[in-house]
*Asks:* 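Pasting a structure below so you can have a look.
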Amino acid sequence: MTTAKPVDSYKHQGLRKLLVQNIKLKGIADPLVLAALETVPRHFFFDSSFLEYAYEDKPFPIGAGQTISQPFTVAFQSELMQIRRNDKVLEIGTGSGYQACILAEMGAKVFTIERQKTLFDKTSKFLPLVGYPTIKTFFGDGYKGLTAYAPFDRVIVTAAAPYVPEALLEQLKPGGILVIPVGANEIQTMTTFLKNADNTFTKKEYGAFRFVPMLEDKANQT
Ligand code: SAH
């Protein structure tokens with residue numbers, strides 16, 4: 001990441017088109033998700049020395065021991081979100097801010113929480129610079145959700161949750177959806193919880209993914 005707005009060249013746009021075709025072949029069909037992936041310059045979220053990795057379908061380190069999720073994973077979670085314009089969305093695990101930008105591009109009002117102070121500071125400054133001033137960033141512990149702004153239409157967790165935090169289920173509106181990779185080991189199961197009108201939940205599972213762990217409490221150091 002830089003302090004000046006990075007450049008989105010024709011070369012990068014071309015690589016992004018190819019990446020989106022690849023993601024489509026891997027089974028992502030939601031036109032809103034595909035359009036957002038084609039719009040948001042993923043290389044903006046990379047240090048300048050690693051730009052050539054930005055359009056590979058792979059996760060990548062972003063500092064502070066964290067990673068920007070693999071594009072397919074971002075697309076998969078975004079598709080499960082079933083975003084409608086102006087949905088109020090809570091993201092746990094801001095990281096680089098890329099997933100938050102994809103959701104904003106899909107028309108959501110995004111609130112995002114990060115527990116690593118260094119990443120929080122860096123990404124909070126960066127998002128307005130690359131054209132996403134409306135994304136609201138918070139330094140805090142995602143296990144607690146964001147009581148002051150609840151309830152949400154959608155909640156997305158982008159770190160491996162050893163269990164499903166009760167606060168995140170509580171902070172969903174009826175009809176709301178939580179998308180969360182659940183598992184205490186290396187591999188997690190992508191899971192959705194739909195909140196029914198009677199406050200019960202319908203749970204669905206969608207296969208194996210690998211995320212960095214969701215840790216308890218804020219970290220003031222990196
Ligand atoms: N969505 C990010 C990828 C996130 S990687 C992106 O698009 O780049 C997971 C992130 O979750 C890391 O930045 C990590 O610090 C953060 N995290 C882990 N536990 C957390 C918690 N309890 N609350 C908030 N953020 C957390």
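Whatever order the structure lists ligands and atoms in, that order sets their numbers, starting from 1.
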*Asks:* Report yes or no: is the cationic atom of Lys88 (NZ for Lys, CZ for Arg) closer than 6.0 Å to the six-membered ring centre of Phe152, at no more than 45° off its axis?
*Replies:* yes

*Asks:* Using the six-membered ring of Phe111, assess whether NZ or CZ of Lys136 lies under 6.0 Å from its centre and within 45 degrees of the ring axis.
*Replies:* yes

*Asks:* Tell me, which protein residue and heavy-atom name are nearest atom 25 (N) of ligand 1, and how many Å apart are they?
*Replies:*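 Result for atom 25 (N) of ligand 1: Arg115 N, 3.4 Å.
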
*Asks:* Nearest heavy-atom pair of Ala104 and Val110: which atoms, and what distance?
*Replies:*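 Reported closest heavy-atom pair: N-CG2, 3.7 Å.
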
*Asks:* For Glu114 and Thr123, run side chain to side chain contact (heavy atoms under 4.5 Å, CB included): C-alpha distance rounded to whole Å, both residues' side-chain angles, the deciding distance at 0.1 Å, then the answer.
*Replies:* CA-CA 9 Å; Glu114 173 56 54; Thr123 303; over 6 Å; no

*Asks:* Please report which non-hydrogen protein atom sits nearest to atom 15 (O) of ligand 1, along with the residue it belongs to and the distance in Å to one decimal place.
*Replies:*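 Result: Glu114 OE2, 2.6 Å.
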
*Asks:* Among all protein non-hydrogen atoms, which one is nearest to atom 23 (N) of ligand 1, and what is the separation to 0.1 Å?
*Replies:* Gly142 N, 2.8 Å

*Asks:* So with a 6.0 Å cut-off around NZ of Lys173, is the heavy-atom count from everything else above 12?
*Replies:* yes

*Asks:* Could you tell me, atom by atom, which parts of ligand 1 come under 4.0 Å of a heavy atom of Thr94?
*Replies:* 1 (N), 2 (C), 6 (C), 8 (O)

*Asks:* Using heavy atoms and a threshold below 4.0 Å, how should the contact between Leu119 and ligand 1 be classified: side chain, backbone, both, or neither?
*Replies:* side chain

*Asks:* Contact between Asp8 and His43 at the side-chain level, heavy atoms closer than 4.5 Å - yes or no?
*Replies:* yes

*Asks:* Cation-pi check for Tyr98 against Arg42: NZ or CZ below 6.0 Å from the six-membered ring centre and within 45 degrees of the axis, yes or no?
*Replies:*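 Satisfied, under 6.0 Å and within 45°.
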
*Asks:* So if I count the atoms of ligand 1 from 1 in the order they appear, which ones are less than 4.0 Å from some heavy atom of Thr67?
*Replies:*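 So the answer, numbered in order with elements, is 3 (C), 4 (C), 5 (S).
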
*Asks:* Heavy-atom contacts under 4.0 Å between Asp217 and ligand 1: side chain, backbone, both, or neither?
*Replies:*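 For Asp217, there is no contact with ligand 1 at all, from either part.
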
*Asks:* Could you tell me how the ring of Phe60 sits relative to the ring of Phe50: parallel (under 30°), tilted (30 to 60°) or perpendicular (over 60°)?
*Replies:* tilted

*Asks:* Do the charged groups of Lys125 and Asp121 touch, with an N to O distance under 4.0 Å?
*Replies:*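 Looking at Lys125 and Asp121, the cut-off is not met.
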
*Asks:* Could you tell me the residue and atom name of the protein heavy atom closest to atom 12 (C) of ligand 1, and the distance to it rounded to 0.1 Å?
*Replies:*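 Atom 12 (C) of ligand 1 sits closest to the protein heavy atom Gln66 OE1, 3.2 Å.
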
*Asks:* Work out whether the distance between some heavy atom of Glu91 and some atom of ligand 1 is less than 4.0 Å.
*Replies:* yes

*Asks:* Identify the protein heavy atom lying closest to atom 8 (O) of ligand 1, giving its residue, its atom name and the separation to 0.1 Å.
*Replies:*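 I find the closest protein heavy atom is Ser96 OG, 2.6 Å.
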
*Asks:* Looking only at protein heavy atoms, which one is nearest to atom 7 (O) of ligand 1, and how far off is it?
*Replies:* Gln99 N, 3.0 Å

*Asks:* Would you mind running through ligand 1 and noting each atom that sits below 4.0 Å from a heavy atom of Gln116?
*Replies:* 15 (O)

*Asks:* Suppose I only count heavy atoms of Val212 and a 4.0 Å limit; which atoms of ligand 1 are within that range?
*Replies:* 5 (S), 9 (C)

*Asks:* Output the list of atoms in ligand 1 that are nearer than 4.0 Å to some heavy atom of Tyr143, sorted by atom number.
*Replies:* 22 (N)

*Asks:* Does ligand 1 have any atom that is closer than 4.0 Å to a heavy atom of Val74?
*Replies:*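 No.
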
*Asks:* Below 4.0 angstrom from a heavy atom of Met214, which ligand 1 atoms are there? Numbered from 1 as shown, please.
*Replies:*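 With Met214 as reference, the close atoms of ligand 1 come out as 18 (C), 19 (N), 22 (N).
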
*Asks:* Considering only non-hydrogen protein atoms, determine which one is nearest to atom 18 (C) of ligand 1 and report residue, atom name and distance to 0.1 Å.
*Replies:* Pro213 O, 3.6 Å

*Asks:* Can you tell me which residue and heavy atom of the protein come closest to atom 19 (N) of ligand 1, and the distance to 0.1 Å?
*Replies:*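 Residue, atom and distance for the closest contact: Leu215 N, 2.9 Å.
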
*Asks:* Taking atom CD of Glu52 as the centre, does the number of heavy atoms from other residues, nucleotides or ligands within less than 6.0 Å exceed 12?
*Replies:*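 Counting other residues, nucleotides and ligands, CD of Glu52 exceeds 12 neighbours.
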
*Asks:* Would you call the rings of Phe45 and Phe126 parallel, tilted or perpendicular, taking 30° and 60° as the class edges?
*Replies:*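 Rings of Phe45 and Phe126: perpendicular, as their planes differ by over 60°.
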
